[in-house]
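Working notes, beginning with the structure itself.
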Amino acid sequence: MTALVRTVAEIRTHTADWRAQSLKIGLVPTMGALHEGHLSLVRRAAAECDRVMVSIFVNPKQFAVGEDLDAYPRDEERDIAALAPYGVSLIYAPAPATIYSDSFATRVEVGGLTECMCGVARPHFFGGVATVVTKLLIQCFPDRAYFGEKDYQQLLVIRRLAHDLDIPSEIVGCPIIRETDGLALSSRNAYLSEEERRIAPALFETLRAAARRAGTGEDCRMVEAWARDELTAEGFRSVDYIDIRDAVTLDSISNATDANEGARLFAAATLGTTRLIDNLAIESGS
Ligand code: AMP
């Protein structure tokens, strides 16, 4: 039986009860419009935890003025139905005023990891994400919280903040779920026109080809420039970034085969008016 709750008090009642029984609690934070990517996190949480909570909250603080906050797809009934097969104990769907009171004045900012890629392209973004995720972790105090590698930079930022703020939840990263043609699932894929949807898999195809080249030791800047040209030729309107970076520190690297902790290729590019992001591990020698 899944409980639908909207307040912190209700969450605390449920989690206190579970904790008294020494049950392991998993949290999957989402902005709704659930797809197989989200559901893969829910399945992983259900396999590893005794009780699973899914939060659904379109966080206004991570959208800048002029971004798609109002247009962002919302369908609570459909989301509840999508979660039904997975034995979720609690769906937390707070109103914006529950998360941010009128007098709310705190912002969580993570340094370092946020100073590249999406942190540069969307300067408001990680502060908004870090603030809401910190609140969700403190409200729910899960043993484990599940995040997708689809938003890899975000995953690292959340790991950092949990560590720095002594939040004792384990932050679990989960692999990217893709369509059969390689396009990473995203709630924003719904914005793509038929023609754009046809072009969109070129993002993953280009990343895959670029990762292969970087894996053989080719100069990273050359590979990035090649991938940028490829995406433009395929019909992407703009490329925010194509970056090869250390998979743990996000430091820029010049040769992927030298990265101690592994290298990763990251991209953000706009098709029509839709900004798509994706990333891929670089296997040395591939
Ligand atoms: P969102 O609703 O877009 O904020 O995403 C909620 C969580 O689902 C985040 O941790 C995302 O990284 C994760 N997620 C979104 N799309 C995918 C995907 N295609 N594969 C795996 N995880 C995903």
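We count ligands from 1, going down the list as the structure has it; atoms in each ligand are counted the same way.
Residue I176 has at least one heavy-atom neighbour below 4.0 Å for each of these atoms of ligand 1: 20 (N), 21 (C). Each of the following atoms of ligand 1 lies closer than 4.0 Å to a heavy atom of L185: 16 (N), 17 (C), 18 (C), 19 (N). If you number the atoms of ligand 1 from 1 as listed, the ones under 4.0 Å from a heavy atom of F147 come out as 10 (O).
Checked by distance only, ligand 1 and K150 stay at 3.5 Å or farther apart across all their nitrogen or oxygen atoms. Below 3.5 Å of separation, one finds an N or O of M31 facing an N or O of ligand 1. Taking distance alone, with nitrogen or oxygen atoms compared against 3.5 Å, D151 approaches ligand 1 more closely than that limit. Where the criterion is an N or O separation shorter than 3.5 Å, residue side chain and backbone included, L41 fails it with respect to ligand 1.
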Item to check | D50 vs I25, side chain to side chain contact (heavy atoms under 4.5 Å, CB included): CA-CA, chis, key distance, verdict | outcome: CA-CA 6 Å; D50 302 306; I25 302 169; over 6 Å; no
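Here the protein heavy atom with the shortest distance to atom 22 (N) of ligand 1 is G148 CA, 3.5 Å. At the shortest separation from atom 5 (O) of ligand 1 among protein heavy atoms lies H38 NE2, 3.4 Å. Of all protein heavy atoms, the one lying nearest to atom 20 (N) of ligand 1 is I177 N, 2.9 Å.
Under 4.0 Å from ligand 1, the heavy atoms of P29 that appear belong solely to its backbone. Of all the heavy atoms of H35, the ones lying under 4.0 Å from any atom of ligand 1 belong exclusively to the side chain. When non-hydrogen atoms are compared, ligand 1 lies under 4.0 Å from the backbone of P175 (N, CA, C, O) but not from its side chain.
Between the side chain of D246 and the backbone N or O of A263, no donor-acceptor pair lies under 3.5 Å.
R178 forms a cation-pi arrangement with F204, by the criterion of a distance under 6.0 Å to the ring centre and an angle within 45° of the ring axis.
A donor-acceptor contact closer than 3.5 angstrom links the side chains of Y100 and N59. Between the side chains of Y72 and E67, no donor-acceptor pair of N or O atoms lies under 3.5 Å.
Of the charged side-chain nitrogens involved, none lies within less than 4.0 Å of a carboxylate oxygen, so that D240 and R122 do not count as a salt-bridged pair. The existence of a salt bridge linking E48 and R144 is confirmed by a sub-4.0 Å separation between a basic side-chain nitrogen and an acidic carboxylate oxygen.
Side chains of T106 and T134 form no contact here, defined as non-hydrogen atoms less than 4.5 Å apart.
Screening V88, L136, I11, I91 against M53 for a side-chain contact (heavy atoms from CB on, under 4.5 Å) leaves a single residue, I11.
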